[in-house]
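First listed ligand is number 1; within each ligand, the first listed atom is number 1. Atom set for the values below is all heavy atoms of this structure, side chains included, hydrogens, waters and symmetry mates excluded. Starting from 1, each residue takes its place in the sequence as its number.
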Amino acid sequence: MKVHQLLTLIRSPWLIRVSNSLARGSDAREAFINQLEHFYDSVEQAITSGNPAWLDSTLLEWTSSPTLTDLQQKKNNVAELLNKIISVTNDVAIENLPEEEALDLLTTVTPIYTYALEKIARLETEARVTYISDELNQVKQKLEKLDRSKSNFISVAAHELKTPLTLIEGYASMIRDLVAETGNPQIDTLLVGINIGIQRLREIIDDMIDVSVIDNDLLSLNMQPLWLHHLFELLKHDLEEAIKERHLTLEIKEFLGSEVWIYADSERLFQAFHNVLLNAIKYTPDSGTITIDGRTLPGFIEITFADTGIGISPENQSLIFRKFSQSGPSLHSSGKTKFKGGGPGLGLPITRGIIEAHGGTIWVESTGYDEMKCPGSTFHILIPARTEASDPKIEKLFGKLEKALPEPDGQPNPPADSTSP
Ligand code: ADP
């Protein structure tokens, strides 16, 4: 007997067995029998034509409407159903046909079922991938919304805090004038404390404003010719007292790129370097060493700030560039330059924003965080070695810079998790 005739022979016991084992309740069974009839027709057509693609439309229909619970619970319902169908086909063929004919039928039907299983696996995976990417998109949108409201909050809070701070500053200055007349040294000392507080608060507010400016892509640079070495000297001068107080050594190495004029925003670059150096001071125990060095690369200058401090764990090395990250050690000291002196966690995000606005990138290397062994951290900053101003008026003002940037002495080699976009 031909295989399609064998199929017709076992159709009815097959239908009863499959529907009984899979659909509970008479209504469900009736609806299900229609589907199974359709499937059986497709199998017959696939066998007659030798083309398993006859099953495609039924399989597509079965896999096109997975329930949300199925997707959430990662259930492969259609694959499970097909496995059941395969097993029932085997049983029904063996029970209803002579051994040889049952074997004939099963040998013919097996490649068709294999095709169906592969197709279903692909369709169900595609449905799951679509579901997961929809979920991810929703999470991404929620995070972006959260980040926007965080950014708006920072901006509003910073501007709201500025007014009362100016008031406090004004009254403190009036008290100082009054005290100067009466000459009370105790009040003078208290006023110094108030002024330090005011100054610190102003710095935090300024940082909050900078962060919201960067977040909203509003940072505009004032490009002027500068000499990196000059910026390093200014930094040294600015932080001299803290370095001395903490018994640290600051080494500023001379390198090719530090001696040439480049176009950059000197005030913003100073702020970026200041943040990195201040951190090196904060996270290096007394008597440690901080080294500023660099090299030229094709089109870029790389600056490194290496310290002999407590280091940064690999999992935190990209997190620290996010605002309010504070993912490092537990901070206890409130002083700005004291060992492990805490801060609001805005310094590095601002630094990154400034460097990226210049077209550069920043990343950190450290073998890990260890307060006993102090493996140290090295911050790498790449900035473009611009010898031409983007604004022709500026170039007219300062003239064209010497294009003789020395031959590069290295190849750019930022690590895979560099924070650049
Ligand atoms: P803040 O210093 O205000 O906490 P930053 O954005 O400047 O914020 O730094 C974020 C975090 O990065 C710090 O809290 C610290 O954990 C870590 N960090 C930054 N620089 C260093 C460094 N040189 N050595 C060790 N940890 C560092």
Side-chain angles (χ1 to χ4, degrees), residues 147 150-151 154 158 199-215 219 232 235 238-239 242-243 246 248-252 268-293 303-356 361-381 415 417-419:
D147 205 51
K150 206 157 133 188
S151 182
I154 296 171
Q199 202 187 329
R200 184 77 195 106
L201 204 52
R202 190 166 286 287
E203 283 165 2
I204 294 172
I205 293 171
D206 287 346
D207 276 358
M208 287 163 79
I209 291 171
D210 279 348
V211 155
S212 69
V213 165
I214 288 167
D215 271 356
L219 186 69
F232 300 151
L235 278 178
D238 200 63
L239 292 165
I243 289 168
R246 299 279 322 284
L248 297 167
T249 307
L250 174 64
E251 276 185 43
I252 301 177
R268 286 298 188 182
L269 220 48
F270 177 83
Q271 184 185 3
F273 293 165
H274 194 274
N275 287 343
V276 176
L277 186 55
L278 196 62
N279 280 341
I281 294 173
K282 278 200 297 191
Y283 301 107
T284 302
D286 290 12
S287 310
T289 304
I290 300 163
T291 312
I292 303 178
D293 199 354
I303 303 131
T304 52
F305 291 80
D307 62 53
T308 56
I310 57 176
I312 303 167
S313 65
E315 64 270 22
N316 283 339
Q317 286 174 19
S318 53
L319 288 182
I320 56 172
F321 294 97
R322 294 193 198 152
K323 54 181 181 277
F324 303 121
S325 64
Q326 288 249 334
S327 30
S330 52
L331 308 170
H332 46 70
S333 166
S334 57
K336 219 174 107 185
T337 54
K338 298 269 185 303
F339 181 47
K340 297 202 290 170
L346 295 176
L348 287 179
I350 293 172
T351 301
R352 175 187 167 174
I354 293 172
I355 300 300
E356 287 182 355
T361 179
I362 176 170
W363 71 96
V364 66
E365 278 176 353
S366 171
T367 52
Y369 159 68
D370 189 329
E371 288 197 24
M372 301 307 287
K373 291 190 186 141
C374 283
S377 311
T378 303
F379 281 80
H380 297 252
I381 295 176
D417 65 346
S418 157
T419 64

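- Smallest separation of non-hydrogen atoms from Ser377 and Gly311: OG-CA, 3.4 Å.
- Close contacts of ligand 1 with Pro349, meaning ligand atoms under 4.0 Å from a residue heavy atom, involve 6 (O).
- The aromatic rings of Phe273 and Phe232 are tilted relative to each other, their planes meeting at an angle between 30° and 60°.
- In plain terms, the two heavy atoms of Leu219 and Ile354 that are nearest each other are CD2-CA, 3.9 Å.
- Taking a cut-off of under 4.0 Å to the non-hydrogen atoms of Gly345, the atoms of ligand 1 that pass are 1 (P), 3 (O), 4 (O), 6 (O), 8 (O).
- Near Lys282, the atoms of ligand 1 lying under 4.0 angstrom from a non-hydrogen atom of the residue are 1 (P), 2 (O), 3 (O).
- Heavy-atom minimum distance, Pro314 versus Gly368: CD-CA, 4.2 Å.
- Residue contacts with ligand 1: Ser377 is included, with a non-hydrogen atom under 4.0 Å away.
- At a 4.0 Å heavy-atom cut-off, ligand 1 does not touch Tyr369 at all.
- The heavy atom nearest to atom 5 (P) of ligand 1, out of those in Leu348, Asn275, Leu278, is found in Leu348.
- Within the 4.0 Å heavy-atom cutoff, Phe321 does not count among the residues contacting ligand 1.
- Counting atoms of ligand 1 from 1 in the listed order, those under 4.0 Å from a heavy atom of Ile320 are 11 (C), 12 (O), 17 (C).
- The nearest pair of heavy atoms linking Gly347 to Asn275 is O-ND2, 3.1 Å.
- Classification of Lys323 and Asp210 as a salt-bridged pair fails, no side-chain N sitting under 4.0 Å from a carboxylate O.
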Check: Between Ile310 and Tyr369, is a side chain to side chain contact (heavy atoms under 4.5 Å, CB included) present by the stated rule, with each step listed?
Finding: CA-CA 6 Å; Ile310 57 176; Tyr369 159 68; 3.9 Å; yes
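- Numbered from 1 in the order shown, with element, the atoms of ligand 1 that lie under 4.0 Å from a heavy atom of Gly311 read 25 (C).
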